[in-house]
Each structure stands twice: as C-alpha cells, then as structure tokens.
Amino acid sequence: MTHQAPKGTRDFFPPDLAVLRHIETAWRDASIDAGFDEIEGPTFEHLDLYTVKSGEGIVNDLFSFKRSGGDVDYALRPEFTPTLARMAAAKGRSLPLPTKWFGIPGHFRAERPQRGRLREFKQWNVDLLGIDNPSADSEVIATAIQALATLGLTHKDVVVRISHRDVVTKMLLNSGIPKDKLQVALTLLDKREKMSAEVFEEKTKEHGFETKSFTQFDCDVSIEHEELTSLQEELVAWGIQEWCTFDFNIVRGIAYYTGIVFEIHERSGAERAIAGGGRYDNLIEMFGGPSVPAVGFGMGDVVLSLVLKDKGLLKDGAHYMPTPDVFVVSACDEGDEVLSSTIAMLRENGLHARRSYKTTRNVGKLLTEAAKTQAAFAVILGKELEQNMFAVKDMKSGEQVDIPIDHLLSHLTS
RNA sequence: GCGAUCGUAGCUCAGUCGGUAGAGCACCGGGUUGUGAUCCUGGAUGUCGCGGGUUCAAGUCCCGUCGGUCGCCCCA
C-alpha cells in the first residue's frame with residue numbers, strides 16, 4: 001500500500017459506518033425526544049477561539065494551520081463548546097431562553113492515539129442555555145441516560161458521577177490546603193484514581209498536603225449545599241437517581257466549568273470516561289454575548305463503542321445495514337430484457353430494490369446472492385415470463401408463488 | 001513529546017541455523033441440474049509496511065522511518 005490513513009483516523013467501511021450510525025441514531029433520537037434542536041458549526045475555527053479560553057498550551061494538542069500565504073491561524077475544532085458559545089453569543093439578545101441545542105460534530109485532537117482516544121472522532125454535545133437551576137442539569141443528564149439506555153446499557157453498567165466545583169474547593173480549603181495550592185490539590189485529586197495508594201501518599205507529602213484532605217471524599221459525605229440538595233430532588237423527579245451518585249473525586253480539567261460537573265463511567269471503572277460535562281455559566285458572556293447560564297455535556301463515540309462492545313451490546317456491523325425489500329434475478333434472456341425496467345419500477349415506488357449483476361443462469365447461485373443481502377423477497381425473471389408471470393419467493397418462509405407481472409408491486413407491498 | 005510491543009496473501013497465521021515464501025479459511029469467475037445447495041472447472045495478488053546497512057545471500061541480523069496496539073504526559 002502506497003498510502004495509509006493518517007495516524008489516529010479511521011476508515012468506515014459500510015458495516016463500520018452502520019455501527020456508528022446506530023449509535024448516532026440513539027443520540028439523535030434521545031435529543032429530539034427531549035426537545036433539543038440540532039446544530040452544526042464550522043469544522044475549523046480561528047485558533048484564538050481556543051487559546052483565549054485555554055491558554056497557549058493547548059496549541060500542542062490541536063491541529064492548527066495557516067492557509068498558504070495567509071497569516072491567519074486556524075485550528076480544526078477539538079471540542080464543540082467554544083463554537084456553541086460563540087454561536088449563542090452571536091445571537092445576542094435575540095437568543096430565545098431557554099435554548100436547547102445538540103449536535104454530533106466531528107472533532108480533531110493532535111494526541112497520541114491509545115485505547116479510547118483517537119485523533120478524529122464524533123462527539124455528541126447536548127447543551128441547555130438559559131436556566132440556572134439544577135432542573136436543567138438533571139434534564140441534560142437524563143437525556144444522556146436515555147440514549148445509553150436505548151443502546152442497551154442499564155444503571156448496573158454505568159454510573160453518572162456528579163460533583164461540584166465549589167463544594168470540592170470548600171472541602172479542600174477547610175481541610176487545611178492553602179489557597180495558593182488549591183489548583184495543585186485539585187489536579188492531584190483528579191488523578192488520584194490512576195495511581196496506587198503508596199504513590200499517592202508520596203505525592204501528597206511532596207506538596208506538603210495531608211492524605212486525609214483527599215480521603216475525606218471517599219466516605220458518604222452529607223454536604224449542606226443548596227444546589228446539590230435541589231439537584232438530588234430533581235434526579236429523583238426525573239427517575240434517574242439509580243444511575244447517579246455524588247462523587248467529589250470528580251474535578252474535570254477544564255477551566256470554564258463553574259458549578260456542577262459530572263462524568264459518566266462504566267461502573268467497574270473499565271475504559272475512560274464515557275461522557276463529561278457540567279455548568280459553564282460565564283462562557284457565553286466571555287465570548288461577547290449576554291450573561292446566560294448554561295449546562296451541557298459531550299459524549300464521544302470511541303469510548304462508548306468500547307463499552308458497548310465490552311458488554312456485548314454491539315452486533316456485527318452487517319446487522320445494522322439496510323436490507324433490500326426485494327432482490328431481482330434473471331434466469332434467462334427474456335429476463336435480462338425486463339430486468340432494468342422491473343428494478344426501475346420498484347424503486348420508483350419506494351422499494352429498496354437490488355439486482356444481481358451475474359450472468360449465470362444458476363438459480364441456486366443467484367438465490368445465494370439474494371439471501372446474502374437479507375432481502376425480504378427474491379423475484380426470479382425466468383420461464384414464467386412466457387405466462388407473463390414472475391416467480392416471487394419469500395426469503396424468510398421459503399414460500400414461492402407465481403405472480404402476474406402487473407401484480408408484482410401490490411404483492412410485495414401487501 | 002516519551003516508552004513498550006507488533007507489522008508476511010482479503011483474513012488468521014507458519015516460515016527452523018540468514019539460502020529469493022507457504023498453509024488454512026475466505027473470496028471471485030465460468031459451466032451443469034430451475035431454488036438459498038451439490039458437483040465440475042478456473043483465478044490469483046505478496047515491492048515480507050517503507051528506506052538504508054551488514055552479508056556471496058536478509059522475511060530472518062542492525063539502524064532509521066511510517067503505521068497498529070498499549071501505557072506515560074495531557075485529557076476539552
């Protein structure tokens with residue numbers, strides 16, 4: 001092979017794409033049923049859309065470029081939230097509130113591929129703008145759960161781990177972490193699960209922290225926090241409390257989150273996070289729009305596919321591919337003459353009609369081909385033509401009848 | 001950016017001590033008997049990921065590189 005696909009990208013052959021569409025359909029249906037409207041934005045943006053929010057360091061993690069001879073920096077979008085905030089800001093005061101948007105855009109990140117992380121992927125984004133109370137947080141979480149449930153997952157398979165930036169911050173400060181070391185402590189907390197207890201001990205000592213500053217998050221903490229109390233009630237109201245748990249080990253790296261944050265994980269801790277999100281009440285204003293509270297999440301196709309595969313919830317790609325209503329074969333010269341017009345007639349009437357391109361008269365071989373496509377019916381153009389009939393075989397039952405040419409359509413659609 | 005590991009036919013892989021490459025499974029064409037099949041017959045493609053080096057000789061050894069997989073960093 002002289003050409004390879006770029007590192008970290010995927011070729012989607014028909015069965016592969018059928019699997020992706022299966023997932024996207026669950027995402028889209030859940031969004032639409034929950035009253036979200038689909039949006040899309042540019043695949044690339046001005047580089048500074050990302051650097052103003054995340055700092056110059058992010059440049060290493062994304063694909064950026066200038067046009068030949070140009071001096072404007074662009075970047076392939078690594079996430080959708082900045083685009084969404086920009087779009088919301090662009091509407092200014094005409095943005096209806098609440099606004100409920102979702103999208104399934106492609107994203108690009110210049111990272112080293114590994115399990116669950118590729119350089120190009122699809123990510124479902126659901127955002128609810130304009131509602132500042134936890135009923136909005138609950139609604140977007142419920143929408144995520146709806147899609148996961150459609151794909152066959154249950155609350156025994158996955159868990160929504162919910163945290164709150166303010167609560168975590170307060171707990172760390174109360175336990176004696178100095179204010180100027182708060183960020184370090186947050187980062188350490190975020191990474192705690194990935195290291196052994198011993199390594200974690202060492203790290204905490206290195207920074208002069210006490211281990212119990214962090215282990216306080218392990219036991220069931222009853223936090224007096226108005227938002228979380230109210231969120232708890234909402235989760236019950238939405239009937240999703242079994243899927244959710246409060247877990248203050250969840251920090252999330254990004255800076256723009258302002259309150260509730262959450263991640264969805266496989267319950268045993270397999271794979272990376274399936275989804276992550278939270279509240280970003282200042283972001284739209286930061287992009288020059290009105291001050292609009294917002295909450296949303298992103299769910300990528302890569303980790304989700306792995307989890308579904310782990311659980312045996314993804315069938316072979318062929319299973320998700322469209323199957324023809326009818327497969328037409330010709331077994332004689334007279335059949336060849338009417339093959340095209342027969343196919344054309346069926347398609348004009350809205351049927352998914354395929355044909356064999358083989359020249360063989362071997363009906364057995366032709367039916368093998370028909371069976372392989374999972375067609376509902378096979379139509380054989382053969383000696384029955386002498387009586388102006390087609391042989392029509394129901395591929396499921398195996399029953400075969402001769403049908404007058406004029407009655408073919410009504411027979412197939414009845 | 002760093003590290004480990006792998007790369008031989010469409011797929012799964014074999015290939016010994018360095019001696020110019022194989023198996024199985026798929027797949028496909030044609031033919032016969034009108035029915036998802038049987039039978040007959042035919043079909044191959046390999047720049048052994050790529051490039052260099054050592055050698056009389058490299059799939060095999062060495063170096064580099066590209067790609068896959070899995071970690072680290074980062075994780076929106």
Side-chain angles (χ1 to χ4, degrees), chain A residues 1-11 13 45 49-55 57-62 75-85 105 107-119 121 123 125 127 187 190-191 193-195 199 250-257 261 263 271-278 280 283 296-300 302-303 306 327 329-332 335 356-386 390-402:
Chain A
M1 294 248 289
T2 49
H3 294 288
Q4 296 172 307
K7 183 198 298 229
T9 63
R10 294 169 287 178
D11 291 329
F13 293 98
E45 293 272 10
L49 183 73
Y50 304 112
T51 53
V52 291
K53 184 200 73 189
S54 310
I58 197 176
V59 173
N60 295 324
D61 299 325
L62 40 77
L76 297 180
R77 67 179 167 211
E79 60 167 323
F80 195 68
T81 308
T83 297
L84 178 130
H107 295 290
F108 309 85
R109 295 178 187 173
E111 29 193 16
R112 193 75 199 272
Q114 55 189 287
R115 189 173 180 83
R117 295 177 77 181
L118 296 173
R119 288 184 162 187
F121 56 94
Q123 185 171 287
N125 289 270
D127 293 274
T187 306
D190 194 33
K191 291 179 183 168
E193 282 182 1
K194 292 187 79 173
M195 46 181 110
V199 175
I250 297 294
V251 177
R252 298 202 55 73
I254 31 177
Y256 57 68
Y257 287 126
V261 292
E263 292 182 355
E271 311 296 355
R272 296 166 175 280
I274 297 167
Y280 49 99
L283 195 62
F297 69 85
M299 182 185 295
V302 181
V303 173
L306 289 171
F327 193 92
V329 305
S330 163
C332 62
S356 176
Y357 295 91
K358 293 183 198 296
T359 54
T360 182
R361 302 304 188 203
N362 184 333
V363 175
K365 278 192 181 178
L366 293 168
L367 286 178
T368 303
E369 193 185 352
K372 223 173 273 180
T373 67
Q374 303 278 313
F377 289 95
V379 172
I380 302 163
L381 313 184
K383 64 182 182 223
E384 300 81 358
L385 281 169
E386 291 166 19
F390 292 145
V392 179
K393 180 163 187 165
D394 182 324
M395 296 300 282
K396 210 163 203 175
S397 67
E399 277 175 51
Q400 181 173 325
V401 289
D402 290 349

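This structure is a prediction, so every number in the text was calculated from the model and none was measured. Naming convention: chains lettered A, B, ... in sequence-line order (proteins, then strands); numbering from 1 in each chain.
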Given [options], which nucleotide is nearest the side-chain atoms of [X]?
X        : options                : answer
A/Lys194 : B/rC72, B/rA76, B/rC70 : B/rC72
A/Arg109 : B/rU35, B/rA76, B/rC70 : B/rA76
A/Tyr256 : B/rG36, B/rC74, B/rA76 : B/rA76
A/Arg117 : B/rC74, B/rU35, B/rG71 : B/rC74

Contact class for [X] vs. all strands (heavy atom < 4.0 Å): base, sugar-phosphate, or nothing?
X        : result
A/Glu384 : base
A/Gln400 : base
A/Leu366 : nothing
A/Gly298 : nothing
A/Leu62  : nothing
A/Gly335 : nothing
A/Asp394 : base

Point to revise | Heavy-atom check, side chain of A/Thr51 versus side chain of A/Ile58, under 4.5 Å | key: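 The answer is yes, as the side chains (C-beta and beyond) meet within the 4.5 Å cut-off.
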
Measure [atom1]/[X] against [atom2]/[N] and give the value in whole Å, please.
X        : N      : atom1 : atom2 : result
A/Asn60  : B/rG1  : CG    : C1'   : 9 Å
A/Met195 : B/rC72 : CE    : P     : 11 Å
A/Lys7   : B/rG67 : NZ    : P     : 5 Å
A/His107 : B/rC75 : NE2   : C1'   : 14 Å
A/Arg115 : B/rC72 : CZ    : P     : 13 Å
A/Glu399 : B/rG36 : CD    : P     : 16 Å
A/Glu111 : B/rG68 : CD    : P     : 13 Å
A/Glu271 : B/rU69 : CD    : P     : 13 Å

**Study point:** Under the side chain to side chain donor-acceptor pair (under 3.5 Å) test, residues paired with A/Thr81 that sit two or more places apart
**Key:**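 With sequence neighbours excluded, A/Thr81 shows a side chain to side chain donor-acceptor pair (under 3.5 Å) to A/Tyr256, given in chain and number order.
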
Inter-nucleotide [atom1] distance ([N], [M]), Å rounded:
N      : M      : atom1 : answer
B/rG7  : B/rC75 : C1'   : 29 Å
B/rC72 : B/rU16 : P     : 36 Å
B/rC13 : B/rA76 : P     : 36 Å
B/rU47 : B/rG31 : P     : 33 Å
B/rG22 : B/rG46 : C1'   : 12 Å
B/rC6  : B/rC62 : P     : 11 Å
B/rU60 : B/rG71 : P     : 30 Å
B/rA4  : B/rU65 : P     : 13 Å

Gap separating the [atom1] atom of [X] from the [atom2] atom of [Y], nearest 0.5 angstrom:
X        : Y        : atom1 : atom2 : result
A/Met395 : A/Phe377 : CE    : CZ    : 11.0 Å
A/Arg115 : A/Leu306 : CZ    : CG    : 4.5 Å
A/Glu45  : A/Leu62  : CD    : CG    : 12.0 Å
A/Phe297 : A/Ile274 : CZ    : CD1   : 11.5 Å

Listed pairs, N/O of protein and of nucleotides 41-43 of chain B, under 3.5 Å:
none

Practice item. Using a 4.0 Å heavy-atom cut-off, write out nucleotides 27-32 of chain B from 5' to 3' as B (base contacted by protein), S (sugar-phosphate only) or - (no contact). Key: -SSBBB

Check your understanding: Just checking, any donor-acceptor pair under 3.5 angstrom between side chains of A/Gln114 and A/Arg272?
Key ->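 Checked: A/Gln114/A/Arg272 side chains pair up, N/O donor to acceptor below 3.5 Å.
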
Check your understanding: What's the verdict on side chain to side chain contact (heavy atoms under 4.5 Å, CB included) for A/Tyr257 and A/Leu283, showing C-alpha distance, side-chain angles and the deciding distance?
Key -> CA-CA 9 Å; A/Tyr257 287 126; A/Leu283 195 62; over 6 Å; no

Protein-nucleotides 3-10 of chain B N/O pairs under 3.5 Å:
none

Point to revise | Donor-acceptor pair (no angle test) under 3.5 Å: A/Lys393 side chain, B/rG36 base | key: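 It does, because a donor-acceptor pair links the side chain of A/Lys393 to the base of B/rG36 below 3.5 Å.
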
Practice item. Go through A/Thr83 and A/Leu49 one step at a time and tell me if the side chain to side chain contact (heavy atoms under 4.5 Å, CB included) criterion holds. Key: CA-CA 8 Å; A/Thr83 297; A/Leu49 183 73; 4.2 Å; yes

Review point. A/Leu118 or A/Glu263: which one's nearest nucleotide on RNA chain B is closer to the 5' end?
Key: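 Its nearest nucleotide being more 5', the pick is A/Leu118.
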
**Study point:** Residue whose nearest RNA chain B nucleotide is more 5′ - A/Thr9 or A/Arg272
**Key:**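 Going by which nucleotide is closer to the 5' end, it is A/Thr9.
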
Practice item. Begin with the C-alpha distance, continue with both residues' side-chain angles, and end with the deciding distance and a verdict on side chain to side chain contact (heavy atoms under 4.5 Å, CB included) for A/Val329 and A/Val363. Key: CA-CA 8 Å; A/Val329 305; A/Val363 175; 5.7 Å; no

Point to revise | Candidate list A/Arg10, A/Arg117, A/Gln123, A/Glu271, test side chain to side chain contact (heavy atoms under 4.5 Å, CB included), partner A/Val302, passing option | key: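 Passing option: A/Arg10.
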
Practice item. Just say parallel, tilted or perpendicular for the rings of A/His107 and A/Phe121, cut-offs at 30° and 60°. Key: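 The arrangement is tilted - the two ring planes meet at 30° to 60°.
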
Kindly give the heavy-atom pair with the smallest separation between [X] and [Y], and that separation in Å.
X        : Y        : value
A/Leu366 : A/Thr360 : CD1-O, 3.7 Å
A/Gly8   : A/Pro113 : CA-CG, 3.8 Å
A/Phe327 : A/Ala370 : CD2-CB, 3.4 Å

Point to revise | Within residues 390-399 of chain A or reaching into it, pairs that qualify as salt bridge (charged side-chain N to carboxylate O under 4.0 Å, His left out) - sequence neighbours excluded | key: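 Passing the test, one end in residues 390-399 of chain A: no pairs.
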
Check your understanding: Do A/Glu79 and A/Arg109 meet the salt-bridge criterion of a basic N to acidic O distance under 4.0 Å?
Key ->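 Here A/Arg109 does not pair with A/Glu79 in a salt bridge, since their nearest N and O are not under 4.0 Å apart.
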
**Study point:** Distance below 4.0 Å between A/Lys396 side-chain N/O and B/rG36 OP1 or OP2
**Key:**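 Answer no for this pair, as no side-chain N or O of A/Lys396 is under 4.0 Å from OP1 or OP2.
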
Exercise for review: Stems involving RNA chain B: give each as a range paired with a range, ordered by first number, where a stem means at least three consecutive Watson-Crick or G-U wobble pairs under 3.5 Å.
Suggested key: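 Output for stems: B:1-7 with B:66-72, B:10-13 with B:22-25, B:27-31 with B:39-43, B:49-53 with B:61-65.
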
